[in-house]
Amino acid sequence: MEIKPDPSTTPATATAGMIPQPGERNYPEDRWGRRAWELLEKIRRRAPLVQCITNFVSMDLMANVLLASGASPAMLHSLQEISDFTPGVDALCINIGTLSEDWLPSMRAAAAAAAEAGRPWVLDPVAVSASDYRMEACIGLLELRPAAIRGNASEILGLVSSSRFRENKGADSSHESSDAVEAAKSLAQSTGAVVAVSGAIDYITDGRMVVAVRNGAAMLQKITATGCAVTALIAAFIAVEPSGALEAVACALSVFGIAAELGVEAARGPASLRMHLIDSLYGLNEDALLSRVSIFSHA
Ligand SMILES: Nc1ncnc2c1ncn2[C@@H]1O[C@H](COP(=O)(O)OP(=O)(O)OP(=O)(O)O)[C@@H](O)[C@H]1O
Ligand SMILES: Cc1ncsc1CCO
Ligand SMILES: [Mg+2]
């Protein structure tokens, strides 16, 4: 389904959470919402198998977020298993958070096997600017044609410039997501991937069009690996919509953000938000989703 922007929609007709900001246009009424619901329902119906080769910190949250969405996670990373397993998955998520020389060959082999079998794969370039080793690993992985790349602003800026940052904060961002929109466009153009920059506003681009997602909760930054988990959710959404990666990525980020917004209402801090985030994603219904989706095309 193609979603066409409706420039006539004004803040006066939008619902409270959906007021477009300067430079943003809304789509007609709740079409993004219906799209996000349709894709979430597809995940719940089909339970796509998502292989994750990810860091030790994120494994638990990532697998639980996938399960809560309706997808089926498999945290396999042995090089010996890739040729048997990866060609049969619905999508693959590769995350370099705790990269080591033992795992990089598995990541390369899995990305190549997925690409060869026509399965979409997504890359999370965690702390790519922390070392030359990480940067070179990511640049090599980009040659294996990810369908999508999701990182925070510092990661996307670092990847595009292939540079290490003096103000390096490791896995956390030291930039705003809006600082990295042009970098994301250029990365999308050079790789052919849909690129998402997460932050207070998430920006998603195919190199031409930019979509902004304004769902989420600032407290997510106080739970480790929420970025890693949303990258895996992106893989699940692309698994059920491989030919519409831009829409799939935007919908995944919005759905995750909505689960966080609902979770925050019941949480007392990061630890309970982690639990309520998973519960809210699991129980997310059509009404809650439609009333909260906040996705805009960004001029
Ligand atoms: N200030 C904010 N307000 C609302 N949502 C936010 C904010 N910052 C981040 N998020 C949301 O938190 C999630 C994680 O994004 P973030 O940019 O923190 O990832 P990350 O830095 O890669 O995290 P990690 O490396 O810990 O996995 C995304 O869904 C994003 O939309
Ligand atoms: C904290 C941390 N360090 C390496 S990976 C990771 C999880 C968040 O990306
Ligand atoms: Mg991250």
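Start at 1 and go down the list; that is how both ligands and their atoms are numbered. Computed from a prediction, not measured in an experiment: that's the story for all the values here.
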Co-membership, hydrophobic cluster, residues Val122 and Val57, 4.5 Å side-chain: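 Hydrophobic grouping puts Val122 apart from Val57.
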At less than 4.0 angstrom from any atom of ligand 1, which residues have a non-hydrogen atom? List them by chain and residue number.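 Lining ligand 1: Arg150, Asn152, Ala171, Ser198, Gly199, Ala200, Asp202, Gly216, Ala217, Ala218, Leu220, Gln221, Ala225, Thr226, Gly227, Cys228, Phe256.
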Can you check whether Gly207's main-chain N or O pairs, donor with acceptor, with Gln189's side chain at less than 3.5 Å?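 Yes, because the side chain of Gln189 sits within donor-acceptor range (under 3.5 Å) of the backbone of Gly207.
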Which residue and atom name correspond to the protein heavy atom nearest [atom], and how close is it?
| atom | value |
| --- | --- |
| atom 6 (C) of ligand 2 | Val57 CG2, 3.8 Å |
| atom 4 (C) of ligand 2 | Gly97 O, 3.3 Å |
| atom 1 (C) of ligand 2 | Thr224 OG1, 3.8 Å |

Side chains of Ile82 and Gln51: closer than 4.5 Å at any heavy-atom pair?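 A side-chain contact exists here, since the closest heavy-atom pair is under 4.5 Å.
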Quick one: which ligand 2 atoms are inside 4.0 Å of a heavy atom on Ala171?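 Answer, ordered by atom number: 9 (O).
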Just jot down the ligand 2 atoms closer than 4.0 angstrom to any heavy atom of Val126, in number order.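 In order of number, 9 (O).
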Separation between [atom1] of [X] and [atom2] of [Y], rounded to the nearest 0.5 Å:
| X | Y | atom1 | atom2 | result |
| --- | --- | --- | --- | --- |
| Met275 | Arg268 | CE | CZ | 10.5 Å |
| Thr54 | Met62 | OG1 | CE | 3.0 Å |
| Ser280 | Ile278 | OG | CD1 | 10.0 Å |
| Asn215 | Arg292 | CG | CZ | 8.5 Å |

Is it the side chain (CB and beyond), the backbone, both or neither of Cys228 that lies under 4.0 Å from ligand 2, heavy atoms counted?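 Cys228 to ligand 2: side-chain contact only, backbone stays beyond 4.0 Å.
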Option among Thr86, Ile238, Leu144 that satisfies the side-chain contact (heavy atoms from CB on, under 4.5 Å) test with Trp121: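 Testing Trp121 for a side-chain contact (heavy atoms from CB on, under 4.5 Å) against Thr86, Ile238, Leu144 leaves exactly one candidate, Leu144.
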List, one per line, each side-chain donor-acceptor pair under 3.5 Å for residues 89-105, sequence neighbours excluded.
unit_1: Asp90; atom_1: OD2; unit_2: Leu49; atom_2: N; d: 2.7
unit_1: Asn95; atom_1: OD1; unit_2: Asn55; atom_2: ND2; d: 2.8
unit_1: Asn95; atom_1: OD1; unit_2: Gly97; atom_2: N; d: 2.8
unit_1: Thr98; atom_1: OG1; unit_2: Phe56; atom_2: N; d: 3.2
unit_1: Ser100; atom_1: OG; unit_2: Asp102; atom_2: N; d: 3.4

